[in-house]
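The block underneath contains the structure these notes are about, expressed in structure tokens.
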Amino acid sequence: MSATLSQNMLLAVPLAPLVGAVVAGLFGKQVGRRGAHTVTILGVLIAFVLSAMTLSAVLDGARFNQTVYEWMVLGGLKMEVGFMIDGLSAMMMCVVTFVSLMVHIYTIGYMEEDPGYQRFFSYISLFTFSMLMLVMANNMLQLFFGWEAVGLVSYLLIGFWYTKPTAIFANMKAFLVNRVGDFGFILGIGLLVAYGGSLNYTETFAKSAELAKIGFVNPFGGGEWMMLSVACICLFIGAMGKSAQFPLHVWLPDSMEGPTPISALIHAATMVTAGIFMVSRFSPLFELSDTALNFVLVIGAITALFMGFLGIIQNDIKRVVAYSTLSQLGYMTVALGASAYSVAVFHLMTHAFFKALLFLGAGSVIIGMHHDQDIRNMGGLRKYMPITWLTSLLGSLALIGTPFFSGFYSKDSIIEAVHASHLPGAGFAYFAVVAGVFVTAFYSFRMYFLVFHGKENFHHKPFPGEHDHHDDHGHGHDHTPHESPWVVTVPLILLAIPSVLIGYFTIAPMLHGDFFKDAIFVNPEVHHAMHELGEEFHGAFAMAVHSLQTLPLWLAVGGVVTAYVFYMVAPSIPATFARVLRPVITLLENKYYMDWFNENVLARGARLLGAGLWKAGDQGLIDGVLINGSARTVGGVAGLVRLIQTGHLYWYALVMILGVVGLMTWQLWPYMGPQFKALFGL
């Protein structure tokens with residue numbers, strides 16, 4: 001145990017943003033706008049500096065796994081707050097705090113005129129606290145707290161403009177879809193606690209071999225279900241909601257209704273990667289279930305390819321980036337399924353930088369375009385917004401996997417890992433991630449060319465929302481685009497640097513070194529992907545040079561060239577495709593009818609089921625039969641009894657006499673019965 005990782009220092013990491021959030025949220029009027037952004041940025045800056053120090057200590061071999069506070073003990077089950085600091089959590093802490101710091105600074109410019117300025121800073125700081133509690137946890141209770149807290153704060157942020165009906169619909173949709181995933185998540189935790197007897201990661205992982213032998217009776221007949229497979233699939237259903245995997249992906253594109261800074265914070269770097277982090281953290285359990293891994297692999301492959309297709313037809317600049325996020329999360333999930341957890345987390349890290357860059361670049365364009373988000377109304381912005389243009393180009397090159405850029409190293413490693421996997425779904429997954437390379441390059445550069453090159457389509461156009469209270473940033477009525485202020489461009493430049501460089505410098509220790517040696521567990525005897533990757537790896541430079549003769553690179557080049565030809569050289573081609581492939585375009589425009597299915601089949605079905613249970617069960621059976629029925633029965637019996645209980649003495653005497661006669665007849669009938677029958681000839 002190293003002295004450099006003290007409990008107090010680690011406590012300060014999540015508490016610093018929490019203090020900023022409380023001050024900005026509860027005392028926003030007193031401290032004012034400057035006070036609100038100063039205290040929250042200071043809190044996140046402290047968290048980032050301490051996270052960087054933590055990472056440095058971890059690289060020197062320091063580890064920390066202790067309880068900080070014991071909440072209560074229930075029958076031997078300890079409910080605690082504690083931290084587990086190793087390579088995985090230290091890396092996540094740095095990514096979360098750095099991207100959050102950039103977003104905080106950027107927000108000063110983006111939300112400049114918004115009346116909810118202090119409230120917004122409070123929310124994003126609270127979000128950072130929640131995410132840090134999640135990644136630093138050493139037990140499932142704290143993990144679940146952080147998991148739910150980021151869900152709650154994302155609900156507040158997506159619906160930040162609460163007078164806007166689309167924002168309210170989007171945040172409710174996000175909240176409800178995540179509840180579906182979280183139901184699976186808590187079932188998975190419940191199974192592990194019920195059979196493992198502990199909420200603590202280390203204690204649960206130590207029993208993984210015993211847990212792998214426990215089986216359930218299959219309710220559908222056939223062989224028994226393995227408890228660990230069921231628990232891991234339930235945990236992953238939680239990840240499907242949080243990390244927006246098919247079919248629980250439907251909330252993420254709509255969440256673009258929130259302000260752009262939060263699109264970058266939630267959907268690039270933090271909340272949506274929580275599921276990827278969680279599966280990596282639970283790798284000792286997932287490794288023991290090929291069934292669960294195959295499920296993860298196939299779901300990720302479907303998401304990676306089919307969400308990419310949806311990015312092709314989007315015209316809202318933020319939605320293109322949102323579908324790109326869905327597709328890239330699919331890539332990370334595929335890596336998890338192939339047992340390449342370190343590759344998934346590596347792509348999580350590189351993606352966090354270049355996707356935050358693309359989101360904030362899109363926000364900068366939106367500011368420059370006076371809040372018009374339609375890429376068809378743009379074009380030629382390169383000369384008006386040079387910093388935004390250059391940083392967005394670097395982000396796009398990283399996204400499509402250009403050699404030497406950070407995205408190349410993580411994305412190509414995922415493709416190689418899937419190629420090496422022997423799971424039943426690996427063939428389909430390999431096709432999906434390879435085809436996805438072309439799709440990603442095409443929609444990324446379709447957006448890039450339409451926004452920054454070609455004909456200017458914005459002159460003399462009225463810009464929607466210019467007079468909205470939350471959209472008017474005081475730019476007057478000059479419709480010429482302009483470069484954003486320094487508080488917007490500086491974060492773009494600072495994010496562009498790791499988007500280009502970080503993959504080159506970190507691939508060797510993170511994938512083929514011992515950076516994750518005690519954080520991620522892979523069973524090399526069963527799952528060979530990482531071993532094969534290691535044998536083929538001869539350094540970051542050699543990997544980039546070798547890629548010149550691989551299919552993914554030429555697919556990426558093909559995607560860029562196709563986008564250039566379609567949208568810069570011959571715009572009539574996509575118009576022709578749109579006519580010829582009308583049914584396909586309609587399918588994509590309706591997002592595979594998933595929203596329709598959810599609203600008209602699932603939601604309406606649930607409402608009909610609820611109405612049926614209410615009418616037949618509640619009103620009919622419970623109220624009608626059990627409650628009102630029992631009351632009617634008592635009333636009927638009372639009415640009969642009332643006829644007998646008259647209160648007259650002669651009536652009671654008559655009844656007593658009749659009773660005596662009845663008793664005597666019953667007693668004497670065995671003896672006198674035959675004489676009566678003979679007398680009356682019966």
Side-chain angles (χ1 to χ4, degrees), residues 244-246 249 252-253 267-268 297-335 347 350-351 354-355 358 362 375 392-393 395-403 405 407-408 410-416 418-419 427-451 547 550-568 573-574 577-578 580-581 583-592 594:
Q245 296 298 291
F246 177 89
H249 66 277
L252 193 136
H267 309 114
L297 186 71
V298 171
I299 292 290
I302 293 169
T303 309
L305 183 59
F306 289 95
M307 295 305 112
F309 287 146
L310 293 180
I312 295 172
I313 56 122
Q314 301 300 317
N315 294 312
D316 182 313
I317 188 169
K318 281 171 66 176
R319 283 181 183 262
V320 179
V321 187
Y323 280 108
S324 158
T325 300
L326 280 169
S327 181
Q328 295 307 305
L329 287 164
Y331 273 86
M332 295 176 212
T333 306
V334 164
H347 192 51
T350 60
H351 173 262
F354 62 73
K355 188 51 59 69
L358 285 170
I375 57 177
S392 296
L393 174 60
S396 299
L397 289 170
L399 170 63
I400 69 168
T402 309
F405 283 69
F408 158 76
S410 52
K411 200 172 190 177
D412 268 39
S413 297
I414 291 173
I415 293 168
E416 289 304 311
V418 177
H419 189 55
F428 166 65
Y430 182 68
F431 165 76
V433 293
V434 171
V437 172
F438 176 85
V439 175
T440 303
F442 179 74
Y443 68 66
S444 299
F445 275 82
R446 169 183 176 263
M447 179 178 80
Y448 168 76
F449 289 131
L450 285 175
V451 172
S547 72
T550 61
L551 178 62
L553 176 72
W554 294 106
L555 283 173
V557 171
V560 175
V561 171
T562 307
Y564 182 77
V565 171
F566 275 25
Y567 295 98
M568 292 291 102
I573 299 177
F577 269 108
V580 174
L581 300 173
V584 178
I585 302 292
T586 304
L587 178 68
L588 294 176
E589 285 174 346
N590 287 283
K591 306 177 218 170
Y592 307 119
M594 286 297 298

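Remember, it's a predicted structure, so these values are computed and weren't measured experimentally.
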Quiz prompt | Heavy-atom closest pair, residues S547 and T550 | solution = O-OG1, 2.7 Å
Quiz item: How many angstroms lie between atom CG of N315 and atom CG of L450, to the nearest 0.5 angstrom?
Solution: 8.0 Å
Quiz item: Any side-chain heavy-atom pair from K411 and T440 closer than 4.5 angstrom?
Solution: yes
Practice problem: Scan F246, Y331, F431 and name whichever one has a side-chain contact (heavy atoms from CB on, under 4.5 Å) with L305. | Solution: F431
Quiz item: With a 4.5 Å limit on heavy-atom distance, are the side chains of L326 and L310 in contact?
Solution: no
Self-check item: Exercise: identify the closest heavy-atom pair between P403 and L553
Solution: CD-CD1, 3.4 Å
Quiz prompt | 4.5 Å side-chain heavy-atom contact, Y443 and I312 | solution = yes
Quiz item: So, for A441 and A556, which heavy atoms are closest and what is the spacing to 0.1 Å?
Solution: CB-O, 3.3 Å
Quiz prompt | Worked check of side chain to side chain contact (heavy atoms under 4.5 Å, CB included) between V321 and M447 | solution = CA-CA 9 Å; V321 187; M447 179 178 80; 4.0 Å; yes
Exercise. Give, for atom OG of S392 and atom CZ of F354, the distance between the pair rounded to the nearest 0.5 Å.
Key: 14.0 Å
Quiz prompt | Spacing of I299 atom CD1 and T333 atom OG1 [to the nearest 0.5 Å] | solution = 9.5 Å
Practice problem: Determine the minimum heavy-atom distance between I375 and Q314, stating which atoms define it. | Solution: CD1-O, 3.9 Å
Quiz item: Any side-chain heavy-atom pair from F428 and V418 closer than 4.5 angstrom?
Solution: no
Practice problem: Drop me the distance from H249's NE2 to F306's CZ, to the nearest 0.5 angstrom. | Solution: 11.5 Å
Self-check item: Flag side-chain contact, heavy atom, 4.5 Å: L399 against S324
Solution: yes
Quiz item: Do the side chains of V437 and V433 get nearer than 4.5 Å, heavy atoms only?
Solution: no
Quiz item: With ring centroids as reference points, do F449 and Y564 lie under 6.0 angstrom apart?
Solution: yes
Quiz item: Do the ring planes of F442 and Y567 sit parallel (below 30°), tilted (30 to 60°) or perpendicular (above 60°)?
Solution: tilted
Quiz item: Hey, are the side chains of L329 and T303 touching, using non-hydrogen atoms and a 4.5 Å cut-off?
Solution: no
Quiz prompt | Parallel, tilted or perpendicular, as decided by the 30° and 60° cut-offs, for the rings of H347 and H351 | solution = tilted
Practice problem: Could you tell me which non-hydrogen atom of T350 sits nearest to which non-hydrogen atom of S410, and how far apart they are? | Solution: OG1-OG, 2.8 Å
Quiz prompt | Closest heavy-atom pair and its distance - F445, A563 | solution = C-CB, 3.9 Å
Quiz item: In Å, rounded to the nearest 0.5 Å, how long is the span from CD1 of I302 to CD of Q245?
Solution: 10.0 Å
Quiz item: Rounded to the nearest 0.5 Å, how far apart are OH of Y323 and CG of D316?
Solution: 10.5 Å
